[in-house]
Every structure is written in C-alpha cells, then in structure tokens.
Amino acid sequence: MGPFRAVKGVQDVLPPDVFLWQHIESIACDVFRAYGFDEIRPPILEHTEVFTRSIGQATDIVDKEMYTFTDKGNRSLTLRPEGTASVVRAFVQNGMHTLPSPQKLYYMGPMFRYERPQKGRQRQFHQIGVEAFGISDPKLDAEVIAMLMELLRQVGLGGLSCEINSLGCSKCRPAFREVLVKFFTPKLGSLCTDCVRRHNENPLRILDCKVPGCIKERKGAPAATDHLCGECREHFETLQILLNDLRVSFTLNPEMVRGLDYYTSTAFEVTSTDLGAQNAVAAGGRYDNLVKDFGGPDTPAIGFALGMERLVALLSDKAVSAEAPVLDAYVVSIGKEPVRKGLVIAERLRMKGFRTEVSYGSSSLKNQMRRADKLGARYVIIIGEDELREGMLSYKRMSDGASGKVSASEAEGLLSTDKNN
RNA sequence: GUGGGCGUAGUUCAACUGGUUAGAGCACUGGAUUGUGGUUCCAGAUGUUGGGGGUUCGAGUCCCCUCGCCCACCCCA
C-alpha cells in the first residue's frame, strides 16, 4: 500500500453501505419533523473551551481523546467530540431563548475522538442527535425518549429496550455523592485502582465499573433514585407514568451513570448485546444547567445522541439493507452519429426523472448488452444507423426480453408503465 | 495509553518441516464471423507477499523494529 491510506480509525462509507446510511438519515428526518424538530448545522470546529467547559475537565474525552490544535491565528481549536456542546453554544450565541419555547433541534454528522479503534468505536464516527430547550416538564423527556424508540422502530430495530435513571439535580446530587462516599470508604481496600481514584473524583462512576470485585462490593449500595429531592422524584415518577402511557418499554437502571459531566436528572440509554463491548446504540439525558454555564439564561434542556456506525452494524446483523437505486434505462448506441443521439436521448430521459446510463465506449452491441444486464437496467434503448434513419428507438425489456420500436416520447411512457414502488 | 490475534492480486483464500519465474475462485477487460444480456467456452491484465532491517547459499515462511487492521481493557454513541 502506498502513502495514500485513510487515517487510522476513520473509514469510507461506500455504496452499497451508503444506501443504508441514507435510508436511516431519511427516516430520522421524517420522524424528527413529525415531532416538531428542525435541523441545526453547527460547525465541526469549535474553540476548545466549548468542550472543556461543558463535558468536564476530568472526563476521558477532554482529558485525552480530543483532536485539539492551534490554528494560524494562535487559537486553540478542537474537532467536536460530541454534538451537544456545539448546539448549546449556538443556542446561546444566537439568542435562541427569545424564540418560542421549546426550541427543538436535531443534527447529524461526524464526531472525532482520539481513541484506540475497536468494534463499534472509530476515531471519526457519526451521530444523529437532538436537543430540546426551554421545558423542564417531564412531558418533554417522555416525548424525546418516545421519539428515539420510534426512530429505532422505523429503521427496523423494534424490540430494543430503554434503560432510564435519574441522576438528581444540583440540589440533591451533592448529598447523594456524600452518601456514596460514605458507603464505599470502608470498602476501598477491595475496589479496583480505578475505583479508588473515582472515589475521590467522581464516586458515581463506581456504580458503573465492570470489574467483578467492584460489582460485588457495590451490592446494597445506595441508589441515586432513593436520594432524589422531592422535585426530582416527582419528575422521575411522572416520566415513568408518561412512558407507560406512550407504550414505551423501559427498565429502571439505578446503576446507569452518564460519562459527561453536564448531565442532570433524567438519563437514558438504549443498548444491545449484539454490539460487543461498546454496547450503547443511543443515549442521552437532561442537562438543565448547561445553557446557564454557557452564559445564557437559566434554561432546562434534554437531548440524546445515536451512534450511526453502531446502528448500521445492528441493522446489518439483522440483514436489513436498503435497496440500491434502480437503473431505469441503459442507452446502447452503435456508430458515430447514433452515439451522439444516444447522449441526447439519455439526457431527455434523465430530465424526466429516469435513472439512465449510456455506454461510453464503442464496444460491440453484445458487450453493451452485457453491461446493461450487469447494471440491472430495466430497459435497454438501442440506437443504430437504422433507428437514426427511421427516427425511432429500439428497446428491450430485460425482465422478459420483450422488444420493439418506439418513438422517443413513447419510450418515456414505456419506462414509466411498470416503474413501481 | 496497555494487552492479545492478524497483515499474500480489487476481493476471498492457497503455497510441505525456509528451496527454482508466488497460485486459484470471484470480480475486472476483451473475444467466440455480419445489430441483442443472463448460462457456457477461450484469452488478458493486476502483486516491490504492508514497510524497513537482520539471520541464511537462499525468506511469503525465522528474528527485531515500524505501520495498519481486528478484538479486549479503559472510555463512550
């Protein structure tokens, strides 16, 4: 291999895979539109502080996974590792809080994290995400979660379950943290080294550790949901009632902890055991303090992000694929003048919306036919000296070999007759 | 950042314990007498065996380094 290889951890999405990507994106747009979400297209590049101040200085993402560089104007810039921070920045910068509330936005595009690639984890990966601002009512939480499940259902992943939890707000979380620290302090000796560190930095994470010893030690550990303030508890309970009303199946997972610091209150996650170690398909939650932290007015918000590569992997496992576009016509021509005429005919068909290919070389009729077959053309249009003289076109329907002669305008009718779907 | 597995034509794979010009299927290009595809037959092109160094009379095969891919830890969508 020469020097021109894709960068480690990034990959090309080629046909026919890209058809599935387009299919998913198209369904996502439709679903989001139905729920009242509009698209926002934030830049991929942001000032580094946008991420350090939101995701959290002590998180792995900020600590060691960001693509950060200094530009020629001596600014520290970063390729976005996630979407929420950019959308919040845009929301604040553009004064979107003055627009009717709630503001509901969605985005899709590449994210960048400098990690060791493995199954379901690339350095450039793609997310579809949504963010809704301005409403603290759990109705919004329920709506957002229901929308996510509906999106998954429509792309062909019905039956996945959603786990939910509440992390508490700025009022009740500090107290819960204290309770946790107290619970684990006598067990420090039996926890893994990472969890000993977490005990100081972010004790919530101990609940998420996968080391068997730690799993054992946290039996009987206090659950966040038992230490919520009255407001948070009511919010969480109402959310569950609403999800039941909406027939969204979910399970409570008091051990679920989100990895980004800005999350508060409601947290949710959709996972699949078919994904290997990186099992989260989509995840999200509330971040009621983030807009304020970015210098905007105190504005509650909630969102989620869905991993495209992981979703595509799950769908591929289930043999879900999107069909390649059908080639309506292949124009075969023999002779110098007919080739020119063929281009004109093809152009005309294309303007009518028929996917049309022409043969570019001047190979034999047999070869051109062979090519038409290989491309899966529904019809072959043949132009030779005879057709040119008669002002007609020969055609052949590839499905059954039926052939005949038609005028150019009749050809259009022919192509549309059994153009199904 | 730390482990483990793996790198041979576009692709899927071959090549006995190191031994002559590294092979095959699929795919690709062309052909099988005069203007009609799918099956069949014939022919053709393509690799510095990921890269570099070493051992050897001789390395795709053994050793070292490096790069990449895959999986896991970690972390996350």
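Numbered from 1 within each chain, the chains take letters A, B, ... in sequence-line order.
The aromatic rings of A:Tyr114 and A:Tyr67 sit perpendicular to each other, their planes meeting at more than 60°, with 30° as the lower class boundary. By the 30° and 60° cut-offs, the orientation of the rings of A:Tyr287 relative to A:Tyr263 is perpendicular.
Side-chain atoms of A:Arg371 lie closest to B:U29 of the nucleotides B:U29, B:G37, B:C69. Taking the side chain of A:Lys396 as heavy atoms from C-beta on, and the options B:C76, B:G35, B:G37, the nearest nucleotide is B:G37. Candidate nucleotides B:G35, B:U29, B:C69 were compared by shortest atom distance to the side chain of A:Lys374, and B:U29 ranks first. Here the nucleotide nearest the side chain of A:Phe125, chosen from B:C76, B:A77, B:C69, is B:A77. Nearest to the side-chain atoms of A:Gln127 among the listed nucleotides B:G35, B:C69, B:A77 stands B:A77. If you check B:C74, B:G68, B:G35 against the side chain of A:Lys64, the one that comes closest is B:C74. Here the side chain of A:Asn279 is nearest to one of B:C76, B:G68, B:U29, namely B:C76.
Place A:Pro117 and A:Ile383 on RNA chain B by their nearest nucleotides, and A:Ile383 ends up nearer the 5' end. Each of A:Met308 and A:Leu275 was assigned the nucleotide of RNA chain B with the nearest heavy atom; the assignment lying further toward the 5' end belongs to A:Leu275.
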- Message: Apply side chain to side chain donor-acceptor pair (under 3.5 Å) to residues A:His235 and A:Asp141 and explain how you reach the verdict.
- Response: CA-CA 9 Å; A:His235 183 101; A:Asp141 305 39; 2.8 Å; yes

- Task: Apply the test side chain to side chain donor-acceptor pair (under 3.5 Å) to residues A:Thr68 and A:Thr78: give CA-CA distance (whole Å), side-chain angles for both, the deciding distance (0.1 Å), then the verdict.
- Result: CA-CA 4 Å; A:Thr68 297; A:Thr78 294; 2.8 Å; yes

- Message: Run the side chain to side chain donor-acceptor pair (under 3.5 Å) test on A:His23 and A:Ser321 for me, step by step, so that the C-alpha distance in whole Å, both residues' side-chain angles and the decisive distance to 0.1 Å come before the verdict.
- Response: CA-CA 9 Å; A:His23 182 240; A:Ser321 64; over 6 Å; no

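Contact annotation for A:Glu387: base contact, defined as any heavy-atom pair under 4.0 Å involving a base atom. When heavy atoms are screened at a 4.0 angstrom cut-off, A:Val380 is found touching no nucleic acid atom at all. The residue A:Gly401 sits close to a base: some heavy atom pair falls under 4.0 Å. Nucleic acid contact class of A:Leu311 (heavy atoms, under 4.0 Å, all strands): none. Heavy atoms of A:Gly9 sit under 4.0 angstrom from primed sugar atoms or phosphate atoms, though from no base atom. Within 4.0 Å (heavy atoms only), A:Ala372 reaches no atom of the nucleic acid at all. A:Gly120 comes within 4.0 angstrom of a base, heavy atoms only.
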List the atom pairs, with distances to 0.1 Å, where a side-chain N or O of residues 143-162 of chain A and a protein N or O form a donor-acceptor pair under 3.5 Å, not counting sequence neighbours.
{"unit_1": "A:Glu143", "atom_1": "OE2", "unit_2": "A:Lys104", "atom_2": "NZ", "d": "2.7"}
{"unit_1": "A:Glu150", "atom_1": "OE1", "unit_2": "A:Arg153", "atom_2": "NE", "d": "3.0"}
{"unit_1": "A:Glu150", "atom_1": "OE2", "unit_2": "A:Arg153", "atom_2": "NH2", "d": "2.9"}
{"unit_1": "A:Glu150", "atom_1": "OE2", "unit_2": "A:Gln154", "atom_2": "NE2", "d": "2.8"}

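Between the CZ atom of A:Arg80 and the C1' atom of B:C76 there is a distance of 17 Å, rounded to whole Å. Note: CG (A:Asp400) to C1' (B:U36) measures 14 Å, nearest angstrom. The interatomic distance linking A:Tyr395 (OH) with B:G35 (C1') rounds to 17 Å, in whole Å. Remark: C1' of B:C70 and NZ of A:Lys119 are 10 Å apart, rounded to the nearest angstrom. Atom P of nucleotide B:A77 and atom CG of A:Leu152 are separated by 15 Å, given to the nearest angstrom. In this entry the distance linking CD of A:Glu269 with P of B:A77 reads 8 Å, nearest Å. Following rounding to the nearest Å, A:Arg370 (CZ) and B:G38 (P) show an atom-to-atom distance of 6 Å. For the pair A:Leu151 CG and B:A77 P, the interatomic distance rounds to 17 Å; values are reported in whole Å.
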- Item | Structure string for RNA chain B in dot-bracket form, Watson-Crick and G-U at under 3.5 Å, | interchain | (((((((..((((.....[...)))).(((((.......))))).....(((((..]....))))))))))))....

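Between the side chain of A:Asp373 and the base of B:G38, no donor-acceptor pair of N or O atoms lies under 3.5 Å. One donor-acceptor pair, N or O on each side, does fall under 3.5 Å between the base of B:C74 and the side chain of A:Gln118.
Straight-line distance between the C1' atoms of B:G51 and B:A59: roughly 16 Å, to the nearest whole Å. B:G18 and B:U61 have their C1' atoms separated by 6 Å, given to the nearest Å. As rounded to the nearest Å, B:G7 and B:U49 have P atoms that lie 15 Å from one another. Taking atom P in both B:U66 and B:G1, the straight-line distance is 12 Å, to the nearest Å. Taking the C1' atoms as reference points, B:A9 lies 12 Å from B:C26, given to the whole Å. Across B:G60 and B:C13, the matching C1' atoms stand 14 Å from one another, rounded to whole Å. Taking the P atoms as reference points, B:G19 lies 14 Å from B:G58, given to the whole Å. When the P atom is used for both B:G5 and B:C62, the distance is 14 Å, rounded to whole Å.
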- Task: Take nucleotides 1-7 of chain B nucleotide by nucleotide from the 5' end and write B, S or -, depending on whether a protein heavy atom sits under 4.0 Å from the base, only from the sugar-phosphate, or from neither.
- Result: BBB----

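No donor-acceptor pair under 3.5 Å is formed between the side chain of A:Arg286 and the backbone N or O of A:Gly303.
Between A:Arg371 and A:Glu357, no side-chain nitrogen of the basic residue sits less than 4.0 Å from a carboxylate oxygen of the acidic one, so the salt-bridge criterion is not met. Classification of A:Arg80 and A:Glu46 as a salt-bridged pair fails, no side-chain N sitting under 4.0 Å from a carboxylate O.
Residues passing the side chain to side chain contact (heavy atoms under 4.5 Å, CB included) test with A:Ser407 are A:Met392, A:Ser409, A:Glu410, sequence neighbours excluded. Taking the side chain to side chain donor-acceptor pair (under 3.5 Å) definition, one finds that A:Gln240 meets it with nothing, sequence neighbours left out. Residues passing the side chain to side chain contact (heavy atoms under 4.5 Å, CB included) test with A:Leu77 are A:Leu45, A:His47, A:Phe69, A:Asp71, A:Arg75, sequence neighbours excluded.
In this structure, NZ in A:Lys219 is found 11.5 Å from NZ in A:Lys187, a value given to the nearest 0.5 Å.
Distances shorter than 4.0 Å separate some side-chain N or O of A:Lys366 from OP1 or OP2 on B:G37. Contact between the side-chain N/O atoms of A:Arg310 and the OP1/OP2 oxygens of B:C76 is not found at any separation under 4.0 Å.
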